[in-house]
Amino acid sequence: MGRYLNSTVPFDAWKQIVGTRFFVDKTLLLDDILNAVEIDGQRFLCITRPRRFGKSVMAHMVGAFLGKTADSGSTFDHLAAAKSERCKKLILY
């Protein structure tokens, strides 16, 4: 997982996805994920969805948000996650 989070691959993929015409903002899931990790003490999360329902997009979103190799502020500052206090602390500028 360290290779995935500490590379530019998820950030580049997320940046491309956010720029599309039919992008639907589901970044509030980040607040739920951070809540599960920080408050509930969850170490492992399993996100299941049917085939072709955006599991890779969600993984790119989490990787772009938590990764430390790129400036995530430019891609997340206009999305719903930027309104969450928990997420604001982690957005890099």
What pairs meet the salt bridge (charged side-chain N to carboxylate O under 4.0 Å, His left out) rule with one or both residues in residues 43-65, with sequence neighbours excluded?
none
Only counting residues at least two apart or in another chain, list the ones meeting side chain to side chain contact (heavy atoms under 4.5 Å, CB included) with Lys83.
none
Distance-only criterion, 3.5 Å: show the donor-acceptor pairs between side-chain atoms of residues 26-42 and protein atoms not counting sequence neighbours.
residue : atom : partner : partner atom : Å
Thr27   : OG1  : Asp25   : OD1          : 2.7
Thr27   : OG1  : Ala80   : N            : 3.4
Thr27   : OG1  : Ala81   : N            : 3.0
Asp31   : OD1  : Ser84   : OG           : 2.8
Asp31   : OD1  : Arg86   : NH1          : 3.1
Glu38   : OE1  : Arg86   : NE           : 3.1

Distance in Å, Phe76 CZ paired with Met61 CE, rounded so as to fall on 0.5 Å steps
7.0 Å
Rounded to the nearest 0.5 angstrom, the NZ-OG1 distance for Lys15 and Thr8 is 10.5 Å
Nearest 0.5 angstrom please: Thr75 OG1 to Phe65 CZ, how far?
9.5 Å
Sorted by first residue and then second, give each ring pair (Phe, Tyr, Trp, His ring centres under 6.0 Å) pair with at least one member in residues 18-51; sequence neighbours left out.
Trp14-Phe23
Do Leu45 and Val62 belong to the same hydrophobic cluster, where Ile, Leu, Val, Met, Phe, Trp and Tyr are linked whenever their side-chain heavy atoms lie under 4.5 Å apart, directly or via other members?
yes
Applying the 4.5 Å side-chain criterion to the ILVMFWY set and letting contacts propagate, would Met58 and Phe11 be lumped into a single cluster?
no
